[in-house]
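Heads up: the structure comes next, in structure tokens.
Each chain gets a letter, A, B and so on, in the order the sequences are listed, and its residues count up from 1. Everything quoted here is computed from the prediction, not taken from an experiment.
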Number of protein chains: 2
Amino acid sequence: MERKIHDCMDGCPVESTLQIISGKWKCVILYRLIKHKVCRFSELQRYMPGCSRRMLALQLNELEADNIISKKVYPVIPPKTEYSLTELGETLIPLITEMNKWGEMYNQIHR
Amino acid sequence: MERKIHDCMDGCPVESTLQIISGKWKCVILYRLIKHKVCRFSELQRYMPGCSRRMLALQLNELEADNIISKKVYPVIPPKTEYSLTELGETLIPLITEMNKWGEMYNQIHR
DNA sequence: TCTGCTGGTTACAAAATGGTTACTATGTCA
DNA sequence: TGACATAGTAACCATTTTGTAACCAGCAGA
């Protein structure tokens, strides 16, 4: 999985961040990995019923390519994999936490 | 401009936040409005050369529909408009600031 | 022997997103 | 008289993203 990084104006930091975390489900995946430390593919699926298996795999692949999460595969049948944050991924915790906090506040005022 | 909010699992706060700020340029726009308080359309264009006039207008419209920014139109020729954060928009400052911070850190390790 | 389980991938179709160009209005400047 | 400036919008097309469904391996249990 190759990820191309398009140029940002003056290397705008906000745009850099967006390149890593934008994607329909990435922040939710990260939120789950922060909360549960380690998750199997099927667990993530359960937490995100709106996200298809295909999409989940795509987003996980991109996050892995960007070195935000790491995957551990157990060569067993049926298959078993575990996803967790890398060291770099952990630096995103304050950001995702902030997102969660804002969303809670927003949900309150919107019933 | 109508904005439909799709259902999130258990009203997941992270997904709520994403519904408001996801969009190719929204965070960058917000970052600019935080930094400069008030911006004209053409100023924003200059700050975001990668964003077309059409895209900029679309993103601004959505942010306005979600009550994150407000627009003041001066009925003059040539036209003049000013965008700024609403009260709700200002509550996003910590989040956008966090994004900026993370991006700066990330840019440093990536040359 | 047939079914189910997990963690994917592939192919195809549909929907969303984004770029480009042209168009608007009208006052000011050359 | 003609061009320029601003803040958009509209139409059209190309690209990207996303969804759906089917398929795979191979062991365990019925």
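Close to C:dG8, at under 4.0 Å from its OP1 or OP2, lies a side-chain N or O of A:Thr81. Residue A:Lys71 places at least one side-chain N or O under 4.0 Å from the OP1 or OP2 atom of C:dG8. Side-chain N/O atoms of A:Asn61 include none lying less than 4.0 angstrom from OP1 or OP2 on C:dG8. Side-chain N/O atoms of B:Lys80 include none lying less than 4.0 angstrom from OP1 or OP2 on D:dA5.
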I'd like to compare against my own output: the B/S/- annotation of nucleotides 19-28 of chain D with a strict under-4.0 Å heavy-atom distance to protein. BB-BB--BS-
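The separation between A:Leu58 atom CG and D:dT16 atom P is 15 Å, rounded to whole Å. The separation between A:Glu82 atom CD and C:dT6 atom P is 14 Å, rounded to whole Å. Following rounding to the nearest Å, B:Phe41 (CZ) and D:dA5 (P) show an atom-to-atom distance of 16 Å. For the pair B:Glu43 CD and D:dT6 P, the computed distance is 11 Å after rounding to whole Å. When the P atom of D:dA7 is taken as reference, atom CD of B:Glu64 falls 15 Å away, rounded to whole Å. Distance, B:Gln45 CD to D:dG8 C1': 10 Å, rounded to whole Å. For A:Glu62 and C:dG8, the CD to C1' distance is 16 Å, given to the nearest whole Å.
For the pair A:Gln108/A:Met105, no side-chain contact is recorded, criterion being any heavy-atom separation below 4.5 Å from C-beta on. Contact annotation: the side chain of A:Tyr31 never approaches that of A:Thr97 to less than 4.5 Å [non-hydrogen atoms, C-beta and beyond]. Side-chain contact between B:Leu60 and B:Leu44 is present, with at least one heavy-atom pair separated by less than 4.5 Å. Looking only at side-chain heavy atoms (C-beta outward), A:Ile29 and A:Met48 come within less than 4.5 Å of each other.
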Could you walk me through whether B:Glu104 and B:Lys101 pass salt bridge (charged side-chain N to carboxylate O under 4.0 Å, His left out), step by step? CA-CA 5 Å; B:Glu104 276 175 353; B:Lys101 228 168 86 186; over 6 Å; no
Could you walk me through whether B:Trp25 and A:Leu18 satisfy the side-chain contact (heavy atoms from CB on, under 4.5 Å) test, starting with their C-alpha distance in whole Å, then the side-chain angles of each, then the deciding distance to 0.1 Å, before giving a yes or no? CA-CA 9 Å; B:Trp25 298 97; A:Leu18 287 175; over 6 Å; no
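Under the 30°/60° scheme for interplanar angles, the aromatic rings of A:Tyr83 and A:Phe41 are found to be tilted.
Minimum atom distance to the side chain of A:Arg40 is reached by C:dG7, of the listed C:dG18, C:dG7, D:dT9.
Stem analysis of DNA chain D (Watson-Crick or G-U pairs, both distances under 3.5 Å, runs of at least three) returns C:1-30 with D:1-30.
Between the side chain of A:Glu43 and the backbone N or O of A:Arg40 there is at least one donor-acceptor pair closer than 3.5 Å.
Looking at heavy-atom distances under 4.0 Å, A:Tyr83 makes contact with sugar-phosphate atoms alone, never a base.
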Throw together a table of side-chain donor-acceptor distances under 3.5 angstrom for residues 69-81 of chain A, partners on residues two or more places apart or in other chains.
{"from": "A:Tyr74", "atom 1": "OH", "to": "A:Glu82", "atom 2": "OE1", "distance (Å)": "3.0"}

